[in-house]
Amino acid sequence: MNVAEAGSRKRRRKPDEKDMSSGAGTENIAAYRRSMPKDKEYKNLKDKKVKAAIKRSDAKARSAAYAAARAEILLPEEAGFLEAEGMERTYKFSQKELRKSVDMSASRKVFDLELNQHGPYAMRFTRNGRHLVLGGEKGHVGVVDWKTGALRCELHLGEKVRDVTWLHDETMFAVAQRRFTYVYDNTGAEMYVLRSHVDPTCLEFLPYHFLLASIGNAGWLKYHDTSIGKLVGEKRTKLGPCSVMRQNPYNAVIHLGHTNGTVTMWTPNMSSYAAKLLCHRGPVRALAMDQSGRYMATAGHDGQMKIWDVRNFKDEPLQAYFNKTPATCLDISQRDMLAVGYGPHVQVWQNPFLTKQEAPYMSHMMPGARVKQCRFAPFEDVLGIGHSNGYSSILIPGSGEPNFDALEANPYQTKKQRREAEVKGLLEKVQPDLITLDPTSILTVKRAVAGAIVPEKAETKVEDDADADSADAGPKKARGRNSARRRFLRKQRNVVDEKRQKYKEKVAREEAKAAASAREDESSGVTTALARFRKKPE
């Protein structure tokens with residue numbers, strides 16, 4: 001074996017802190033680092049096993065963040081954008097001009113569906129952005145593979161439809177109808193009727209917890225576990241009817257907008273709201289959360305649109321914008337673009353969170369229509385709009401994430417991959433009790449304050465002294481002596497009844513008869529072989 005072969009068989013050295021802080025492609029390592037306990041938080045732990053386990057978990061997280069940051073240079077796609085020249089403005093570009101300037105595959109994504117007899121329409125994309133479900137207010141429901149234009153199923157329910165949403169994949173979707181919530185498969189067959197979800201107005205599905213959340217005119221927030229088919233939580237908001245609900249994709253907390261201008265945040269493991277924020281002077285009409293879970297956009301009946309930082313719960317918003325007409329829908333894309341729908345108009349704002357923008361990024365108008373919902377398509381530069389005249393799809397360059405994780409959401413998913421992803425999601429399902437405002441709190445070590453430890457120790461000492469005094473006062477009881485049967489028998493010892501009295505008299509007569517016979521034997525002098533074992537009378 002030569003020197004080169006020996007060197008190749010050496011064990012690879014793991015990257016240390018110096019390697020992770022330098023090198024090509026490691027500039028965004030902080031974006032991939034998950035929150036872990038600091039060294040000082042577990043340095044003084046006495047349990048060596050717990051300390052070693054935390055260190056190993058922290059090392060794995062650091063290594064994974066380093067590998068993800070280094071892999072950024074291998075990403076094949078980059079986010080697009082729209083750039084104006086000279087005196088031009090990007091919000092003045094129409095969809096017809098964009099359609100002429102892009103390639104054929106992108107131009108096919110701009111279309112309109114004329115469905116003015118059944119609108120306005122609620123709509124929702126799947127997590128991988130491949131399928132689209134439309135729900136008309138007058139009972140028309142359709143499922144479409146919007147990239148190929150193939151119609152999967154179409155329903156005419158004959159009653160009012162308020163909202164629609166997909167479940168864990170494109171095989172099932174839920175519809176909030178006039179009385180109850182119904183679940184259908186991708187062929188249009190009715191599968192379940194959720195009668196506990198009465199008079200629903202909004203639906204949200206938590207993909208990592210397999211929870212279907214609904215809110216209705218009665219003001220009850222309900223969580224339904226679709227994997228076992230049971231209702232896992234009912235929360236009474238006590239704030240009247242609610243028609244605005246969105247989920248935080250970072251921590252799975254449900255945000256509700258109420259008619260008194262407040263936004264409440266709910267988790268299944270709490271009977272009341274986890275946080276409450278006063279956002280507007282009038283009713284809240286629309287709500288949206290970004291992908292990182294940091295910023296929340298709200299629109300009220302007072303014509304204001306505000307941006308909030310939900311990490312600090314301050315009373316003042318980060319930014320405030322004014323709309324001529326109160327907004328009816330909001331949505332935030334994967335690249336932090338904010339879509340606002342009001343009347344027949346839809347505006348898109350670029351990076352409106354940290355700096356206040358003077359003009360929108362893009363604008364689109366649908367004459368004679370009334371916008372109900374707008375949602376960005378995942379991994380596509382497309383904005384879907386559901387309005388009173390049907391559905392419209394427009395191009396928003398730079399809104400979608402260009403690179404996708406095939407293990408998380410794959411737009412080109414096959415039937416076999418879908419089945420495997422469904423089984424994996426069920427095996428890795430997160431329990432509802434773990435939903436909190438800060439999901440990283442489960443990774444930290446809870447340590448009590450130094451001043452609070454002393455009273456606790458004092459109380460423990462007093463209890464120990466009391467136990468010691470009680471032990472000296474009498475003998476310790478054996479195990480099993482305090483059962484229900486034993487307690488009942490102890491109570492019956494001092495009870496005098498007829499049966500117990502007759503039994504005592506019978507035993508006394510037998511003892512007296514045995515003693516008399518023994519005395520007769522002794523007086524007569526008759527002895528037997530067993531007489532030696534006879535009990536002598538006292």
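Values below: every heavy atom of this structure, side chains too, minus hydrogens, waters and symmetry copies. Quantities reported herein were computed from a predicted structural model and do not represent experimental measurements.
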Below 3.5 Å, can you tabulate the donor-acceptor pairs from side chains in residues 84-92 to any protein atom, sequence neighbours excluded?
from: Glu88; atom 1: OE1; to: Glu85; atom 2: N; distance (Å): 3.3
from: Arg89; atom 1: NH1; to: Met87; atom 2: O; distance (Å): 3.4
from: Thr90; atom 1: OG1; to: Tyr361; atom 2: O; distance (Å): 2.7

query: side chain to side chain donor-acceptor pair (under 3.5 Å) between Gln417 and Tyr412: does it pass, once the steps are laid out?
result: CA-CA 10 Å; Gln417 291 173 343; Tyr412 308 102; over 6 Å; no

For Glu420, all residues meeting side chain to side chain donor-acceptor pair (under 3.5 Å), sequence neighbours excluded: none

- request: Can you establish whether the number of heavy atoms outside Arg418 located under 6.0 Å from its atom CZ is more than 12?
  value: yes

message: For the backbone of Ala252 and the side chain of Tyr208, can you confirm whether one donor and one acceptor N or O come within less than 3.5 Å of each other?
response: no

Asn217 side-chain N/O to Pro241 backbone N/O, donor-acceptor pair under 3.5 Å: no

statement: Those residues at least two apart in sequence (or on a different chain) that pass side chain to side chain contact (heavy atoms under 4.5 Å, CB included) with Ser271 are none

statement: Across all chains, not counting sequence neighbours, the ring pair (Phe, Tyr, Trp, His ring centres under 6.0 Å) partners of His131 are none

task: Could you walk me through whether Ile332 and Phe353 pass side-chain contact (heavy atoms from CB on, under 4.5 Å), step by step?
output: CA-CA 11 Å; Ile332 300 176; Phe353 305 125; 3.8 Å; yes

For Leu278 against His280, the heavy-atom pair lying closest together: CD1-O, 3.7 Å

message: For Tyr121 and His387, I'd like to know if the aromatic rings sit close, meaning centre-to-centre distance below 6.0 Å.
response: no

field: Under-4.0 Å salt bridge between Asp58 and Arg62
entry: yes

message: Does anything in residues 345-357 form a salt bridge (charged side-chain N to carboxylate O under 4.0 Å, His left out)? List the pairs, not counting sequence neighbours.
response: none

field: Heavy-atom neighbours of Asp103 CG exceed 12 at 6.0 Å
entry: yes

field: Test ring pair (Phe, Tyr, Trp, His ring centres under 6.0 Å) applied to Tyr182 - qualifying residues, sequence neighbours left out
entry: none

More than 12 heavy atoms from other groups under 6.0 Å of OH on Tyr273: no

message: Under a plain distance cut-off of 3.5 Å, with no hydrogens placed, do Glu422 and His168 share a side-chain donor-acceptor pair?
response: yes

task: Go through the structure and list residues passing ring pair (Phe, Tyr, Trp, His ring centres under 6.0 Å) with His156, not counting sequence neighbours.
output: His118, His140

- request: Could you tell me whether a side-chain N or O of Asp381 sits under 3.5 Å from a main-chain N or O of Gly400, the two making a donor and an acceptor?
  value: yes

message: Any heavy-atom pair between the side chains of Phe125 and Phe376 that's under 4.5 Å?
response: no

task: Let me see the working for His224 and Ser214 under side chain to side chain donor-acceptor pair (under 3.5 Å), right down to the final yes or no.
output: CA-CA 9 Å; His224 204 101; Ser214 71; over 6 Å; no

- prompt: Taking the side chain as C-beta and beyond, is there a heavy-atom pair between Asn260 and Leu239 under 4.5 Å?
  reply: yes

query: Any donor and acceptor pair, going by atom type alone, linking the side chain of Thr328 with main-chain N or O of Val371 inside 3.5 Å?
result: yes

message: Is it the case that over 12 heavy atoms from other parts of the model lie below 6.0 angstrom from the NE2 atom of His301?
response: no

statement: Applying ring pair (Phe, Tyr, Trp, His ring centres under 6.0 Å) to Phe173 and not counting sequence neighbours gives Trp166, Tyr184

For Gln334, all residues meeting side chain to side chain donor-acceptor pair (under 3.5 Å), sequence neighbours excluded: none

field: Within 6.0 angstrom of Arg127 CZ, more than 12 heavy atoms from elsewhere
entry: yes

message: Looking at Arg162 and Arg178, would you say the former's side chain and the latter's main chain have a donor-acceptor pair under 3.5 Å?
response: yes

- prompt: Which of these passes side-chain contact (heavy atoms from CB on, under 4.5 Å) with Ile435: Leu211, Asn251, Val430?
  reply: Leu211

task: Taking atom CZ of Phe180 as the centre, report whether more than 12 heavy atoms of other residues, nucleotides or ligands fall under 6.0 Å from it.
output: yes

- line: Between Thr298 and Leu330, the two heavy atoms sitting closest are C-CD1, 3.7 Å

message: If you count heavy atoms of other groups shown closer than 6.0 angstrom to CZ of Phe111, is the number above 12?
response: yes

task: Of all the heavy-atom pairs spanning Ala176 and Leu203, show the shortest one and how long it is.
output: N-CD1, 3.5 Å

field: Shortest non-hydrogen separation from Ala174 to Thr181 and the atoms involved
entry: CB-CG2, 4.3 Å

task: Evaluate the side-chain proximity of Thr436 to Ser441: yes if any heavy-atom separation is below 4.5 Å, no if none is.
output: yes

message: Between Asp112 and Ser392, do the side chains contain a donor N or O and an acceptor N or O under 3.5 Å apart?
response: yes

- request: Identify, with sequence neighbours excluded, every residue that meets side chain to side chain contact (heavy atoms under 4.5 Å, CB included) alongside Ala122.
  value: Asp163, Val164, Lys372, Gln373

field: Those residues that, when tested against Glu137, pass side chain to side chain donor-acceptor pair (under 3.5 Å) (two or more places apart)
entry: none

message: With heavy-atom distances below 4.5 Å as the criterion, would you say the side chains of Phe313 and Trp308 are in contact?
response: no

task: Apply the test salt bridge (Lys or Arg N to Asp or Glu O under 4.0 Å) to residues Asp225 and Lys429: give CA-CA distance (whole Å), side-chain angles for both, the deciding distance (0.1 Å), then the verdict.
output: CA-CA 11 Å; Asp225 194 333; Lys429 186 181 75 169; 3.1 Å; yes

- request: Without swapping roles, check the side chain of Lys222 against the backbone of Leu231 for a donor-acceptor pair under 3.5 Å.
  value: no

statement: Taken in chain and number order and not counting sequence neighbours, the residues that satisfy side chain to side chain donor-acceptor pair (under 3.5 Å) with Asp309 are Arg311

- request: Would you check if the side chain of Lys160 reaches a backbone N or O of Gln177 as a donor-acceptor pair within less than 3.5 Å?
  value: no

field: Minimum-distance pair of heavy atoms, taken over all atoms of Phe322 and Asp302
entry: CE1-O, 4.3 Å

- request: Mark yes or no for whether Arg285, through its side chain, and Gly300, through its backbone, hold a donor-acceptor pair below 3.5 Å.
  value: no

- prompt: Within a strict 4.5 Å, meaning less than it, do heavy atoms of the Val175 and Leu157 side chains meet?
  reply: yes

query: Does the side chain of Arg246 reach to within under 4.5 Å of the side chain of Cys202, using non-hydrogen atoms?
result: no

task: Mind telling me whether Phe404 and Phe379 have parallel, tilted or perpendicular rings, with 30° and 60° as the class edges?
output: perpendicular

task: May I ask you to check whether over 12 heavy atoms, not counting those of Gln117, lie within 6.0 Å of atom CD?
output: no

task: Could you tell me whether the side chain of Leu256 reaches within less than 4.5 Å of the side chain of Ile254, counting heavy atoms only?
output: yes

Shortest non-hydrogen contact between Phe93 and Glu83, atoms and distance: CE1-O, 4.4 Å

message: Checking the side chain of Ser388 only, and the main-chain atoms of Ala369 only, is there a donor and an acceptor separated by less than 3.5 Å?
response: no

field: Cys279 backbone acceptor or donor facing Lys306 side chain under 3.5 Å
entry: yes

message: Under a 4.0 Å threshold between the charged nitrogen and the carboxylate oxygen, would Asp199 count as salt-bridged to Arg179?
response: no

